[in-house]
Structure formats: structure tokens, C-alpha cells
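In the text below, chain A, chain B and the rest are named by the order of the sequence lines, each starting its count at 1.
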Number of protein chains: 2
Amino acid sequence: MTQTPSATLAEFSATLSYEMIPAAVIARCEDFLLDTFGSMLAGYPARPVKSIRDFALAMGPAQGSAQIIGSTQTTSPLFAALINGAAAHMVEQDDVHNGSVFHPAAVVFPAALAVAQETGASGRDLLTACVAGYEVGIRVGEFLGRSHYRIFHTTGTAGTIAAAVAAGRLMGLSPAQMLYAIGSAGTQAAGLWEFLRTAADSKQLHTAKAAANGLTAAWLARDGFTGAKQILEGAQGMGAGMSSDADPARLTDRLGSRWALAETSFKYHASCRHTHPAADALAKVMQDHGLAAADISRVITHVHQGAIDVLGAVTRPETVHQSKFSMGTVLALIALRQRAGMPEFDAALNDQAVADFRDRVAMELDEEVDTAYPQRWIGKVSVVTLDGRTLQGRVDEPKGDPGNTLSREEIREKVRGLAQYGKSLSENQVQTGMHAIEEIGKLSRVGAIY
Amino acid sequence: MTQTPSATLAEFSATLSYEMIPAAVIARCEDFLLDTFGSMLAGYPARPVKSIRDFALAMGPAQGSAQIIGSTQTTSPLFAALINGAAAHMVEQDDVHNGSVFHPAAVVFPAALAVAQETGASGRDLLTACVAGYEVGIRVGEFLGRSHYRIFHTTGTAGTIAAAVAAGRLMGLSPAQMLYAIGSAGTQAAGLWEFLRTAADSKQLHTAKAAANGLTAAWLARDGFTGAKQILEGAQGMGAGMSSDADPARLTDRLGSRWALAETSFKYHASCRHTHPAADALAKVMQDHGLAAADISRVITHVHQGAIDVLGAVTRPETVHQSKFSMGTVLALIALRQRAGMPEFDAALNDQAVADFRDRVAMELDEEVDTAYPQRWIGKVSVVTLDGRTLQGRVDEPKGDPGNTLSREEIREKVRGLAQYGKSLSENQVQTGMHAIEEIGKLSRVGAIY
């Protein structure tokens, strides 16, 4: 009997071993964990994350086996996953997989770290579980497709499955139990883009709940709690209910030979990934032609439909978080400040120069860019100068993509900058935490990170 | 400026007062609470509920301000809502609103009781909050429509909003905060029917999580955590993503004058509500013609499409829970045992006589029944006897519907039977608990129920 796609994913993730994973994929997984540590430290003090933390402290135990990253506090694994999941995505600096438009780190690492600390797993087990989470979650995102992403926040939905798989691998679930975990995760999967229209805090809730719900699903499965066996591809499953172009073949695409984790991109700018290709293309045309912001009268960004769907509703950002979804704001920062990092966004909200430049930026659907998307995120801009020239800028791989990646030292620098922004741990704690992550493959037992 | 439907619902539920609610609606709400107490007691010891309880005990505090119904144990409100939500729906005896195909009690009471015990609310406040939860949740279910119910378990999805509204009312949320609570609830809303195909435990997870997630949404909103302002009717909201026939006009249909709570039906048989009309019609034709099970060669149930969607996949039930979704099993119990209660289902799974009768039952789509549905659940059966007659049976209102309701004494008897089935509380505790609920309108402070 041929296995269903869901069963194939369950078996793959329950039986994946460290030895089966290429060394370069393991190294990249460590890179992403290090990168995510920075995102968690930067997100820790933010108001929405604090709300979720206060909720967790009211509802959960006063201490537990899992660490709240950014502090020396502990709680139960459920709430650690919840809080760290909220923090990881807060500043929009966590990694993204282009083809699935999915942020794996924000949901996989919070769930996996919490369970690893609870079970006393080794660093290698942690990394193996995280690779499983990336591989499965990315394929679920690809399966759900573009129609899903138009309305659903894939990181919330596919992310619940990814978190369940990573948590389940660390709990040593059998393939049958893993299938139940995937079933219980999929039937909890949620997250709608509607929140972005009024700059609401839901993005933090989505990653928090994906991590926590995935962990819940795995925990219940270990206890014999059963879930749907075809929650992904079944006639009343996620694909049927939440997508109109779901393609089950994507679920198992070259499983075990294609490493989707290695296709994942770092974020260089502190904004929605949909703004990055245009930001890099603008930087390039300004550099190539020696332009200053004041030389520019208009920028047309030639984008894919997904960018218009997500960013189109944001015309006048009302919060710093929303400004990261404003193509005009991001390009204004590139033009005016040559950087779109955390401090630049904080300073931009009430900056008239930024607002003026923002209103000179427009998005237009581009057939070439749209066809290449989501496999490739091409950046194309037309810049009209005050002296009447129209200049074209183009990048084929935005900074952070696998072909234009960050070096380990660039990641370290990014983490230090994010940690400084968050101010939740001392410089020494940050340094020790970074070291612990860089050495994690040698740890026989994953401990607290600070 | 005209209010959006979501804002209208938020304002209604934040400002609803006890005095605005007709006495008959309050009395019916007490009936439903009493009825649900029985369902929780019967569901308490079941394996899936125990899994969720063990998870809660591992992740939550050792004690707290809210009661785990069916025990004298306490936990934090989040986990009380989670556990009691799982228990309330376990035995398929909790109430149902026909038009929305939604089980309000299983999600509203667990969330509301947990918050009322935490905040020290009065019984009248509790009842007011629960009425708000019913009114809003039912309208959300009606809004999401039939296309939603084909794939999504409305009690999980609309239920999250209902629980948020009830919890939010008890927390004294302002209309603006309530709108955020609805937004955060809607973006967590989940639950797929896929689980039923393999008799998985997800139904318990759906009600547990709807109650707990709704409470979470309200708690966060009180703390200033924002949510989408049009999560229901917005272009990237629940209607857009999870329905193809969503009708925003249903959201505010006669809000404050039509009391949807009073349209809600009690469950008389311990099975999926979709089986009840046919069960009552079969009982009637057997009684009218003096038939015994052995006289019957075939039963054709003339049903609505929703019954086929939900029950059609269940041909040979593998678990007691799945057998409650088997039209054949339910009709076999009516024919053979004259009852389809908890003990009858437990005894039926391996009963050859039940299996034999089950295979004589078929479902056929009926235009009249389907057109009347979901406003009216008409029961129609054709019974072919061994001696060659074809007899028609019909009921226009199955037992438990508002026009054919249960008396308070019938509810008491049902609760006692359910409590006896669950065996979690002593007879004396059950009696005291029932009394506390029947007097709840006089309590200045809602306490534990046993």
C-alpha cells in the first residue's frame, strides 16, 4: 500500500537521524538558531510579547524546565514555546523560506528548545529535530500554495505542523504517533492576515500559538491522543479548507535529498521580506549612479502579486511594526539612511523626510517577477530622477538569500545588534549564549542559553 | 459612520446587561448550564479528556482559581477552560443550535466558569456573559454558513469567538477591547472535520482549544493586546478564508431582540445531532405501526446534505465515539433498545445485532429536508418491512428542539444519568452541584460546583 503524503512526512520526521543530514545543512541550522537568538533578544521587551509573557506568568507555573529566552526565568515548556515564539518574530528579522513564504525559525526553535530543555536532549538531537521541522513545515507551506497565503499567515498555519514535528522528534515519537501529532497540529492551525489592515498585534500571537500548539499536539500524541491521518491532503483537511491551489505532490518533494532548510534566507533588513528585493535594487541603482535621496522624484517597484496582497493595504503606517510592511517606508530608509534596521525604523515613524520619500514610491505588478515568485524573489525598480532620467535597478538574489548569504561573522554582528536593541541580557550573557549556540552540536544536554 | 458587523457584536456583548435579557432566556441559559454540568461529568473520565488533563497538569500550576469540573481540583483559568471544554463535548450530549450547527455550551460555559471563578463574578454576571457568548457565537456560525461546516467544525471556529465574548464580558472589557478580543479569537479559530474519517480524538481538542483560546484572546485584550477589527467580515478574515457563502448580514441579525440562545436544542440521544431527526422518525413509525426491529428489512433516512457530509464517511465505526456518527448504529439502537444513550452506545460496538441492523440503514439526500435545513431539522424515514410494506415516518421537531423541549425535571434526570455514567463525583456532590446551578442567579459570587 502506498503511503499517504502525511504518513510519509510522519515517518521521515520520526526517523530522521543526525547522520542522515549533510554537514552543511547542520551548519546552516546552527546559523539560523544563532540568528533567531538575536531576534528573540530584540523581541523580548516589546509590548505584545510582554502581554503574552504576563499571560503566561498568570496561567502557568512560577518556574519550570524551559527557559524564557532573554531572561534567566523559567516556565513550563508550553509557555516557553509561547513566549519565545512571540519574541522570535517580533522584529521581523527572523529567517524566511522563499518558496513557501514561511518563517520556520520563529516557530521551530521555540518549540524545540522548550522540549529539548525539558527532556534533556543533546545538541545533536535538537538540531536533528529542527531540521525535521524545517523540512516538513516548508513543504506544508509549499503545498498550501499562493491562494492560502493570500488570506492565511502561513507561518501560523504550516508553522503549527513544523513545531509539532520538531517537538515530536525530540519526544521520540514513533511514526504512528508523529502522524497523530501532525493531525492534532493541523486541526489547530490558524492565522489570518486581516490583522495587518489595522496594524494589530496578531503576528506575535500567530507564531506564539503555532509553537505552543505544535508542542501541545506532540505532547498529546505521545500520550496516545489520536489525530486525523490525512490532515494535510484529506478531503476535509487543511488543503481542502484553506487553499484553492493545494498540491499534495509538494508535501514529499525530494524528501531526504532536497534540503529545504538550506534554501532558507536570512533577513538583512528589519522589514517584511516582500520589501527586500526592491530595497536591494534601489540601493544598487543609487550606488551605481551615485544618487542621493534628494535626486529621486519617483520609485516604481516592480513586484509580485504577493507583495501587493501583503503590503498594499499599508499606505500610512501607524505603528513601527506596520511601517515594516510599508514599501515606501523601507525604500525611504534605504535612500535616506542607507540602512533599514531596528533603530532606523524606530526613528522613522514621525520623520517627515521619510514620509515624503514614502509617498514617492509605488508598487506595480511585474510579470517576470511574479512568474519567478515564490521560487525566486527578484528585485526590480525604476527610479525617476529629478533631472528627468529613468534608471533601472535589479538584483536577482536579495542579500540573505542562499546565493548571497550572510557569513557567520555577519550573523554574529546582526545578533549583537539585535541584543543591544533588546537590552534584556547583559553583554556577557549574550556572548555566552552565542557561544553556547555555536558549540551546540557538542553539548550532551541542551541547557539554558545566556 | 456606520459600525462594522464586528464592532456591533463587540459593543453588544460588552454592554449587554442582565436586565436587558428576557427572564425566559435567562432561565433557558440556566437549563443549558445544568445540562452541560451533566455532559462535563460524563466526559471527565474519558481517555482523550484525561490526556488533555494530564497535559494541563504538566504545563500548568498545581492549583489555581478555577475548578476542574468533575473533581475538587483547581488550576489556572486557562487550563480549567481547556479541560472542561474537552469534557463538555465528549459524550455528544451537549446542546446544539440548529441554524448555525454549533454547540455553544461546550465552549461558552468552560471559558465563562473559569473566568467567573477567577474574578469572583456574580451568578447574574456569569449568565449575562454566557448569553452574550451564545448570541454572538451562533450568529458567527450562521455567518460562516454551510460551506464552512462542510470542512470546518463550527464549534471549534465560531466557538473561539463565543468563548472570547463570554470571557471578555466577565472581565468587563470595553467595546474597543472586546473588538480586539474578537480579533485575536478569530485569528486563532480552527478545527477541521478530517479527524472524523479515522475516528480521531480531535473533537475534544476543538472544544478545549476554542474555550482556552477564546479566554486567551479576552485576557490579552484586557492587557491592551490588539486584534484585527474585522476578523469576521474583512477581506482577509474568517469569512474570506474559511467559507464560500459567508453572509455578513447574519452577524447582527436582530441583535438584542432575537434571542438565539432560546432557539438552541437539547440533545436527547447521545449521538451526533444529525442522526436525531431520523432516530425520532424511526421511533415514531415503529410505535405507530407496532413494529419490532426484526420486522424491518430496510430503513432509508431522507436527510440534508450536512448529514451526508458528516456521517457519510462512517460506515463501520471503530470506536464508541465514532459510532455516534454512524446513522446505522443510532437507528439500530432505537430499533433494538428503544434508546440511544451512553450505556447503549458502549454496549453496541461489538454487538452483532446492532451491526446487522446498521447495514440495513441508508441515507438519501432529500430536497425538502435539505431546503429546510439548517433552520429546521426535519426527520423523514422510509421503513421497508419484511412483509413487504413501505411505511413513512416523520417528525418536524426532534425531541429537545425548542418546540419539543426538555422539562427541568427531564434535564435533571439526564444530568443524574450522565453523572452516574462518569462516576467522577459522589451522588451527594452531584446533587449539591446541581442545586448550586439551579440557584446560580442568586449567588453573589460563583464558586466551585460540587
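- Here the straight-line distance linking atom CD1 of B/Ile52 with atom CG of A/Leu220 works out to 6.0 Å at 0.5 Å rounding.
- Distance alone, capped at 3.5 Å, is enough to place a donor-acceptor pair between the B/Asp201 side chain and the A/Thr226 backbone.
- When heavy atoms are compared at a cutoff of 4.5 Å, A/Phe79 approaches chain B solely by way of its side chain, counted from C-beta outward.
- Chain A forms the most heavy-atom pairs under 4.5 Å with one residue out of B/His206, B/His153, B/Met242, and that residue is B/His206.
- Listed here is the closest heavy atom pair of A/Thr198 and B/Lys229: OG1-N, 3.7 Å.
- Looking only at heavy-atom pairs under 4.5 Å with chain A, the residue among B/Met238, B/His148, B/Gln230 that has the most is B/Gln230.
- Summarising the geometry of A/Gly237 relative to B/Glu194, their closest heavy-atom pair is N-OE1, 3.5 Å, with the distance given to 0.1 Å.
- When all heavy atoms of A/Ala189 and B/Ala190 are compared, the closest pair comes out as O-CB, 3.5 Å.
- Heavy atoms closer than 4.5 Å to chain B are found in the backbone of A/Arg150, but not in its side chain.
- The shortest heavy-atom contact between A/Ala228 and B/Ala200 is N-CB, 3.6 Å.
- Residue with the most contacts toward chain B among A/Gly64, A/Ser51, A/Pro48, A/Ser184: A/Ser51 (heavy-atom pairs, distance under 4.5 Å).
- Of the two parts of B/Trp219, only the side chain, counted from C-beta on, holds a non-hydrogen atom closer than 4.5 Å to a non-hydrogen atom of chain A.
- Between chain A and the residues B/Ala235, B/Ser243, B/Ser65, B/Ala240, the most heavy-atom pairs under 4.5 angstrom are made by B/Ala235.
- With sequence neighbours excluded, no residue forms a salt bridge (Lys or Arg N to Asp or Glu O under 4.0 Å) with B/Arg222.
- In terms of modelled atom types and a separation under 3.5 Å, the side chain of A/Thr187 and the main chain of B/Ser202 share no donor-acceptor contact.
- We find the CG-CE distance between B/Leu82 and A/Met59 to be 12.0 Å, quoted to the nearest 0.5 Å.
- Most heavy-atom pairs under 4.5 Å with chain A, from the set B/Asp54, B/Asn213, B/Asp309: that is B/Asn213.
- In this structure, B/Ala58 and A/Ser76 approach most closely via the heavy-atom pair O-CB, 4.3 Å.
- Side-chain contact, A/Gln236 with B/Arg197: a donor N or O sits under 3.5 Å from an acceptor N or O.
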Apply side chain to side chain contact (heavy atoms under 4.5 Å, CB included) to residues A/Thr216 and B/Phe55 and explain how you reach the verdict. CA-CA 8 Å; A/Thr216 302; B/Phe55 170 73; 3.3 Å; yes
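- For the atom pair B/Leu205 CG and A/Phe225 CZ, the distance stands at 5.0 Å (nearest 0.5 Å).
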